[in-house]
Structures are given as C-alpha cells and as structure tokens.
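To start, the structure itself, in structure tokens.
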Number of protein chains: 2
Amino acid sequence: MPFGEYRYAVDDKGRVIVPPAFRDLVEDGMVITRGMEGCLYVFPMSAWDRIEQRLEQLPLTDREARDFVRFFYSGAAKAKLDAAGRVTLPPTLREFAQAQGGVIVAGAPNRLEVWSEERWNANLDRVTQEPPSPDLLRELVG
Amino acid sequence: MPFGEYRYAVDDKGRVIVPPAFRDLVEDGMVITRGMEGCLYVFPMSAWDRIEQRLEQLPLTDREARDFVRFFYSGAAKAKLDAAGRVTLPPTLREFAQAQGGVIVAGAPNRLEVWSEERWNANLDRVTQEPPSPDLLRELVG
DNA sequence: CCACACTTTCCCACGAATTCCCACGCAACT
DNA sequence: AGTTGCGTGGGAATTCGTGGGAAAGTGTGG
C-alpha cells in the first residue's frame, strides 16, 4: 500500500481527490466507512472483502460487537472513481468526519484515511508534543 | 552510513541537495518522513522496507500505535534524486520541518536528517548547555 | 399512475502546480 | 590554466486539482 499525506478541497458536491498514487488500487471500487478518531476509512474492494467476512462472524449476542458492526458496517458505502480521479463522500459520512473545505487524505496500512484539516492538525500537534514511547521508537527505527 | 553535516539552500520549488557522499546510498530511491524534534528523516529504500514491515504489524486497536503510524507512515513520501543530485521535499513535510531558506542535512545512523537551520542551532545550543548524562557518555565514548 | 422538482452522476474544460531537463558560475584539484 | 565536480537557478512540457454544466436517476405530492 502506498503512503503519503495530501491536502485537498471538498467541493460543494462532496467530492474529494484520491491521490494519484492510490488510483490503481481502488480502480475496481472501494468502500468508505467511519474510522477511529473521527476520520473516514477508505478500503480497496479486496481489503474490504476480508473485513466483511470477519464482521459477519461476530457474535450477535455481544452488545459491544453489535455496536461495532453498526459503527463500521452500517455506515459503509460503496464508491468508485470518477473520470477525474475523485470519489463522492455520502452526506452522512461527510458530516461524521466534518469533511468540508480542506481535508487531509493520508495513506495508512491497508487503507486510506480522510480527515478534516482541523482534526488532523490537532491530532498531529498532540502526537508531536507527546513523542511516542522510546520502546516503540527503538523497535521501529532501530 | 556516512556522516557529516552540510548546509544547503532550499529553493522556491522545495528542492534540497543530497550530499554527494550519500548519493549512491539513495540512488534506487528513498523515503522522507517526519522525524523527532521537528526534523525530517530520509531513509534509503532498503532501510525503509524494514521499518514499513514493522509499522504494518502494529496493532490497530491501540490508540498510540494509530497515532504513531499517522506520524511516520502517513507522513512519508517516496522520492528519488534528480539529475543534479537533489530531492524535492513535499509541501507538507517542508512545512512540518520549516524547511525554507537554509537547511542542515546531517548523516545519522541508518538515515539522513534534514533540519531548518534555526532549529538545528537551537538544538545544538541546548545540548551544549545540558550535556548528556555521564552514564550515557561513558557508555558511548568510553 | 403521472408529473414535477430535486439530487446525484457523468463528462468536459481550464488554470495552476509539479516534474524533468538543461545551463551557468564557482571552487578545488591536477 | 584547464578540467572536473558541485551548488544553484530557470524554462517548458506534462500532470494534476478544481469547477461547472448537462443528463440521468430518485423521491415526493397530486
């Protein structure tokens, strides 16, 4: 999966650019749904299929599992690229992520994330001021 | 990995020189991402591959891990040398590191670091006035 | 069941930013 | 003094981001 961080504008119709580097990954469709920390997750179709299989196996007896399914599965929407390399975010999800004006589209393992610019910056500032634990850092960077 | 400290100018297009001694290390591409203390890390492709594998294995259930991935992985950008031995820093990273005008490119274990001149000097002053702990120093220098 | 209005989807177009390539001047070394 | 490598800048072609208009689809009310 590619990575990178890009800033785009959401237009009046709720359309957002998919960064060029990601286009071929989602050319046969993608699924957009709610994500953690108030962002949106965008999965390529193949990645979503695996997730869907696991979601269907969750026990219906567990309240937490039911809530999670509602959050994740019920909120999901199929989408595909238009000729200009954009996707239209459904109104519900647009509101959830407060995706108006400037948004950040970021590559992450297994998915893309769409953030309102304000939330992205706030989160990043927090992380910058509270650096990751030395253990985590050492394990990764060496 | 070579070492050394070099001062270059970032031009209007966001391009920075890669010191000649490092060019063959990054000739098959490099990855630039956010670093600690507000600098940028530049990894040769081989070093990045190891980091990427570990990042992709971090648990998505952990808030700190998610934020860390966003900091390191989402912020990252592939880049390659131009014919004159430079790289273009993406706007996002340029802003993060405040890389305008004079920058310091420094060799570090496993990577290169790119600093705004002001931050580099400020950090150096701080280290000079608060030297590392005797234990650390002894362990390293003997 | 039909008509109307609104929303969504598809397509086209243009300005802006990026990328690639080439060129110059300085410095050091032969 | 010539030559080579290096740091810096600029121009042109291409890609990219963004907006708008027309057509198709959807839901509502009569």
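Quantities reported herein were computed from a predicted structural model and do not represent experimental measurements.
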Euclidean distance, atom CG of residue D11(A) to atom P of dG19(D) [Å, nearest integer]: 6 Å
Rounded interatomic separation in angstrom, taking CG from L81(B) and P from dG5(D): 17 Å
Nucleotide dT8(C), atom P - distance to CG of L93(A) in whole Å: 13 Å
G38(B) backbone acceptor or donor facing R119(B) side chain under 3.5 Å: yes
Within 6.0 angstrom of D24(B) CG, more than 12 heavy atoms from elsewhere: yes
Phosphate contact (dT15(D) OP1 or OP2) by R23(A) side-chain N/O below 4.0 Å: no
Can you check nucleotides 12-21 of chain C for protein contacts, nitrogen or oxygen pairs under 3.5 Å, and list what you find?
residue	atom	partner	partner atom	Å
dT19(C)	O4	K13(B)	NZ	3.3

Along DNA chain D (nearest heavy atom to each residue), the more 5'-positioned of Y6(A) and D12(B): D12(B)
Cation-pi, F43(A) ring and R111(A) (6.0 angstrom, 45 degrees): no
Parallel, tilted or perpendicular: rings of F68(B) and F72(B) (30°, 60°): tilted
Residue that, paired with L89(A), satisfies side chain to side chain contact (heavy atoms under 4.5 Å, CB included) out of V42(A), V103(A), I32(A): I32(A)
Donor + acceptor pair across side chains of W115(B), E37(B) (<3.5 Å): no
